[in-house]
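One structure is given here, and the rest of the page talks about it.
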Amino acid sequence: MRNSTLLFLIKKSTDKADNTGVAKITDICLAMKKRGFGMGRWNGSGGKCNQDESIENATIRETYEEVGVKVSADNNYADLHKVAELTFNFANKSEWDQLVHVYFAEKWQGEPVESEEMRPEWFSINNIPFKNMWPDDPLWLPKVIDGDFVKAMFRFGDGDVILEQKVDVLK
């Protein structure tokens, strides 16, 4: 099973009404996949790790290639916050099986720009276009937005039907 990466740029703010002083995610950058695997769906940036490439370096490289922003590897990858590990199995296409390492980043250089592969757009967390995303996304993404770490497994059949799922929230 190959390692893959997924990164979501996020914006946070402090809700002055809740008196906790804790910053919460308000916006998330999704990108419309324009070609290849996942075409026509909103997702984060990411992809396969190259041979001998760390997961973190693959995340940084893929994010720059797909949406044109630089996430820093300085300070031991402190700008990357790992939020999930998702195992995907495809009943009829085992070559698609992958373990996806999911990260959030709230610091980066540059502004997200369209590439040949992806068209980024900011969404309020109250207006995430789940209907135009992978069918597993509503099962885990809200949990990581709420601050939980998720370990999940999804087995897909034909037509992107989820045949089996297990979503564990780790506090």
Side-chain angles (χ1 to χ4, degrees), residues 1-12 24-88 90 93 95-152 154 156 160:
M1 180 172 302
R2 71 177 185 234
N3 281 310
S4 295
T5 68
L6 192 58
L7 178 118
F8 296 93
L9 302 175
I10 59 168
K11 293 180 182 175
K12 289 184 174 182
K24 294 187 179 181
I25 297 172
T26 57
D27 298 280
I28 188 166
C29 185
L30 302 175
M32 175 56 69
K33 184 80 165 151
K34 295 166 46 177
R35 66 179 188 197
F37 186 73
M39 185 173 78
R41 292 194 163 127
W42 292 104
N43 207 345
S45 58
K48 298 178 275 236
C49 297
N50 291 331
Q51 188 173 352
D52 297 327
E53 182 179 38
S54 74
I55 292 163
E56 294 84 1
N57 283 343
T59 304
I60 291 166
R61 175 185 51 77
E62 288 280 353
T63 299
Y64 183 71
E65 289 173 0
E66 293 182 344
V67 297
V69 300
K70 292 183 180 180
V71 179
S72 176
D74 295 345
N75 301 317
N76 203 24
Y77 304 105
D79 290 346
L80 296 176
H81 178 68
K82 191 167 187 179
V83 296
E85 289 182 1
L86 310 173
T87 301
F88 293 101
F90 294 84
K93 295 204 182 219
E95 66 272 17
W96 291 359
D97 292 356
Q98 55 194 293
L99 172 59
V100 179
H101 303 266
V102 184
Y103 294 90
F104 281 169
E106 57 183 299
K107 293 181 187 174
W108 61 88
Q109 295 173 349
E111 286 302 317
V113 294
E114 186 169 352
S115 68
E116 290 182 13
E117 192 164 348
M118 301 192 96
R119 178 177 49 84
E121 188 172 322
W122 285 98
F123 292 90
S124 160
I125 60 160
N126 299 318
N127 197 28
I128 295 174
F130 285 115
K131 287 188 225 172
N132 299 102
M133 296 174 74
W134 283 94
D136 60 277
D137 289 345
L139 304 173
W140 65 269
L141 185 56
K143 294 174 185 348
V144 297
I145 287 171
D146 286 344
D148 295 322
F149 186 90
V150 170
K151 277 193 134 177
F154 300 97
F156 282 91
D160 297 332

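Keep in mind it's a predicted model, so treat the numbers as computed, not measured.
- The stretch residues 125-144 participates, sequence neighbours left out, in no salt bridge (Lys or Arg N to Asp or Glu O under 4.0 Å) pair at all.
- The shortest side-chain heavy-atom distance between Phe37 and Lys48 does not fall under the 4.5 Å cut-off.
- Taking 4.0 Å as the cut-off between side-chain N and carboxylate O, Lys11 and Glu106 do not count as a salt-bridged pair.
- Although no hydrogens or angles enter the test, the distance criterion places no donor-acceptor pair under 3.5 Å between the side chain of Arg41 and the main chain of Pro135.
- When atom types are taken as modelled, the side chain of Lys34 and the backbone of Ser115 share a donor-acceptor pair closer than 3.5 angstrom.
- To the nearest 0.5 Å, atom CG of residue Asp27 and atom CD1 of residue Ile125 are 8.0 Å apart.
- Rounded to the nearest 0.5 angstrom, Lys12 NZ and Thr26 OG1 are separated by 10.0 Å.
- Within a 6.0 Å radius of CE in Met39, other residues, nucleotides and ligands contribute 12 heavy atoms or fewer.
- Taking CG of Asn127 as the start and OG of Ser124 as the end, the distance is 6.0 Å to the nearest 0.5 Å.
- Interatomic distance, Met118 CE to Lys33 NZ, rounded to the nearest 0.5 Å: 5.5 Å.
- Side-chain atoms of Glu66 never come within 3.5 Å of backbone atoms of Glu117 as a donor-acceptor pair (strictly under, hydrogens ignored).
- Residues Glu62 and Thr5 bring no donor and acceptor atom of their side chains to less than 3.5 Å of each other.
- Taking the six-membered ring where the residue is Trp, Phe156 and Trp134 present perpendicular rings, their angle passing 60° and hence far from 30°.
- For the pair Cys49 and Ser54, the tightest heavy-atom approach, listed with the atom from each and the gap, is SG-O, 4.4 Å.
- Minimum heavy-atom separation, Lys107 to Val71: O-CG1, 4.3 Å.
- Pairs of residues two or more places apart, or lying in two chains, that qualify as ring-ring contact (aromatic ring centres under 6.0 Å, His included) and include a residue from residues 101-120 are Trp108-Trp122.
- For the pair Cys29/Val67, no side-chain contact is recorded, criterion being any heavy-atom separation below 4.5 Å from C-beta on.
- Between the side chain of Asn43 and the main chain of Met133, no donor-acceptor pair closer than 3.5 Å is present.
- The structure places CD1 of Ile10 at 7.5 Å from CD1 of Ile28, a figure rounded to the nearest 0.5 Å.
- The heavy-atom pair separating Phe149 from Ala84 by the smallest distance is CE1-N, 3.6 Å.
- Two residues are said to be in side-chain contact when any heavy atoms from C-beta on lie closer than 4.5 Å; Trp42 and Arg119 meet this criterion.
- Rounded to the nearest 0.5 Å, atoms CG (Asp79) and CD (Glu56) are 12.5 Å apart.
- A side-chain contact (heavy atoms from CB on, under 4.5 Å) with Ser45 holds for exactly one of Val69, Leu30, Thr63; it is Thr63.
- Of the candidates Phe154, Phe88, Phe90, Phe90 is the only one forming a ring pair (Phe, Tyr, Trp, His ring centres under 6.0 Å) with Trp96.
- Residues Glu116 and Arg35 are in side-chain contact: their nearest non-hydrogen atoms beyond the backbone lie under 4.5 Å apart.
- When all heavy atoms are compared, the tightest approach of Phe8 to Gly44 is CE2-N, 3.4 Å.
- Side-chain atoms of Val144 and Val102, non-hydrogen and from C-beta on, never get closer than 4.5 Å to each other.
- Looking at every heavy atom in both residues, Val150 comes nearest to Ala152 through CG1-CB, 4.0 Å.
- Listed by first then second residue, pairs satisfying ring-ring contact (aromatic ring centres under 6.0 Å, His included) with a partner in residues 43-74 number zero, not counting sequence neighbours.
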